[in-house]
Amino acid sequence: MAIIEFPKDIRWGAATAAYQIEGAATKDGRGLSIWDTFSKTPGKVLNGDNGDIACDSYHRYEEDIELMKELGIDIYRFSVSWPRIFPTGTGEVNQSGLQYYHDFVDALLANGIEPMCTLYHWDLPQALQDKGGWENRETVDAFAEYSDLMFKEFDGKIKKWITINEPWCVSFLSNFIGIHAPGYQNLQLATTISHHLLLAHGKAVTKFRESGLTGEIGYAPNLEWNEPYSNKQEDIDACNRGMGWFIEWFFDPVFKGSYPQFMLDWFEKKGVTLSIQDGDMAFIHQPIDFVGINYYTGSVVRYKENHELFDNEKVDIGYEKTDFDWNIYPEGFYKALSKLKDQYGQIPIYITENGACYNDGVENGRVKDQRRIDYLKQHLTSLSRAIDSGVNIKGYLTWSLLDNFEWAEGYDKRFGIIHVDFNTLERTKKDSYYWYKQTIKNGWFDM
Ligand SMILES: CO[C@H](O)c1c[n+]2c([nH]1)[C@H](O)[C@@H](O)[C@H](O)[C@H]2CO
């Protein structure tokens, strides 16, 4: 067997998000989010599930932190529910909401766990959506106001900030493909929103820099790896368009100061234009301290004339799949990270999400999720290879600490290393929890 070893200073963590774990949807002054609305719209979420209770982490976070401490992680990525802070998105601050996050962050720090805070993980205040949501540039300013308040309120406690989680999901998955809130299917709308999200990121970075506060700030784009089906130019081009939607479209503006021309040309062919105002790109193109990368899967892609948005299609060449039917493609993890290094340089990278959906249940008090252990081994092996090749990896945070509300799939899809019984809310450490705990302790594992 091969020993896969990691640098002694790598950070080991786990990740969650507010709407997926907190519950307490109407508790202590929290306002409604678009996911409260969407999940209660018939047909939008499997089994009609919603986040009213979720893992009830709002009330059970001390238990969760005990589990984190036993696990041995030293960093924990969570998100703040914007409508818990500003119930209507702007204006009056909900002090009970702030107090909840102070109590939570203080408990993390008291247990030697560094908080990594995502300011936006998809739960836009409904009141802002009612005024146009991310299509309205006023939402960009509201996000900057909310971010500024959080930076100042948690100065000295939170030193790693993530502005936007997965702008591709917030824009295209939610407003073009339409399976996430608010559920529109309009390419122009989605493309406009993608620009406003990057602008919101940039304005929040500006607020952080102007505040002079200590800490680091970044964003967390998601990426998939696409491999061309053949070395025919039409397949290579089709593959690059697909990946350009995840990588160049959301990385070039931040790291190069402009949108990728090949993608702009393609969108123009589809009748889509971007209205960029003077100064927008200067906000977006500000230096950041790290980038959070969310990686789960990859696909083989080939050209298919007039098919979907990019004249391409995924080809199933027999990859093993998770219980979410996603390809298991660890090679793509290494290739994607290598591409980022080659195209954007040595920006520090935290893997802010990587994990798999396996729905193994509790049998005699145990959850035998060997398939998740295998997935983690394969992807951490790729990560180790990327580190050895010079990619500037600072940490790895698995998705997710807990089984939780998996958006349009509700509670049907389980990503946690800890099982949650959504009837009793009982937590059960899975075999993968124990494997990850040993790997963190050792700093290596036996492949
Ligand atoms: C398509 O994969 C995306 O990168 C992605 C996967 N995931 C995500 N983004 C989100 O950030 C999480 O909230 C999801 O729970 C998690 C699992 O679905």
Side-chain angles (χ1 to χ4, degrees), residues 13-22 33-35 38-39 45-46 49-51 54-55 57 76-82 116-124 162-174 176-177 179-181 197 218-226 242-243 245-247 249-251 291-299 314 319 321-330 332-333 336-337 340 349-359 372 375-376 379 396-418 420:
T16 62
Y19 190 76
Q20 296 183 269
I21 69 163
E22 285 181 358
S33 77
I34 57 174
W35 269 95
F38 192 74
S39 63
V45 176
L46 196 60
D49 290 339
N50 60 62
C55 307
S57 288
Y76 176 65
R77 179 184 178 223
F78 68 101
S79 80
V80 167
S81 169
W82 183 351
M116 174 185 261
C117 178
T118 305
L119 289 160
Y120 188 71
H121 201 127
W122 306 355
D123 42 1
L124 185 74
I162 291 170
T163 53
I164 307 278
N165 180 68
E166 301 196 346
W168 180 88
C169 288
V170 182
S171 50
F172 293 107
L173 186 63
S174 305
F176 171 56
I177 298 169
I179 62 171
H180 280 192
L197 287 164
Y219 70 139
N222 57 294
L223 53 92
E224 293 185 11
W225 181 258
N226 289 353
M243 245 181 345
W245 205 18
F246 291 103
I247 298 184
W249 188 259
F250 289 101
F251 279 76
V291 62
I293 294 297
N294 297 351
Y295 178 88
Y296 289 85
T297 185
S299 302
K314 292 183 178 178
Y319 286 108
K321 298 186 191 317
T322 69
D323 286 351
F324 209 148
D325 205 31
W326 292 357
N327 291 333
I328 300 170
Y329 195 10
F333 195 20
L337 292 170
L340 297 185
I349 293 175
Y350 288 86
I351 305 303
T352 38
E353 290 182 28
N354 175 248
C357 169
Y358 289 114
N359 293 330
R372 177 172 288 103
Y375 176 99
L376 293 175
H379 286 77
Y396 175 87
L397 296 86
T398 192
W399 185 273
S400 177
L401 178 75
L402 300 167
D403 291 338
N404 58 52
F405 176 80
E406 179 50 39
W407 307 115
E409 300 295 319
Y411 299 104
D412 185 64
K413 302 285 188 300
R414 295 176 177 270
F415 278 85
I417 58 174
I418 298 170
V420 177

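Values below: every heavy atom of this structure, side chains too, minus hydrogens, waters and symmetry copies. Start at 1 and go down the list; that is how both ligands and their atoms are numbered.
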Inset, instruction - Go through the structure and list residues passing ring pair (Phe, Tyr, Trp, His ring centres under 6.0 Å) with F176, not counting sequence neighbours. - result: none

Legend entry - Partner of E353 under side-chain contact (heavy atoms from CB on, under 4.5 Å), chosen from L397, T398, N294: N294

Inset, instruction - Indicate yes or no: at least one non-hydrogen side-chain atom of Y350 is less than 4.5 angstrom from one of I162. - result: no

Inset, instruction - Determine whether Y319 and T297 make a side-chain contact, defined as any pair of heavy atoms from C-beta on separated by less than 4.5 Å. - result: no

Inset, instruction - Tell me whether the centres of the aromatic rings in W245 and W168 are closer together than 6.0 Å. - result: yes

Inset, instruction - Would you kindly say whether S39 and Y19 are connected by a side-chain donor-acceptor distance under 3.5 Å? - result: yes

Legend entry - Contact residues of ligand 1 (heavy atom under 4.0 Å), by chain and number: Q20, H121, W122, N165, E166, N222, Y296, W326, E353, W399, E406, W407, F415

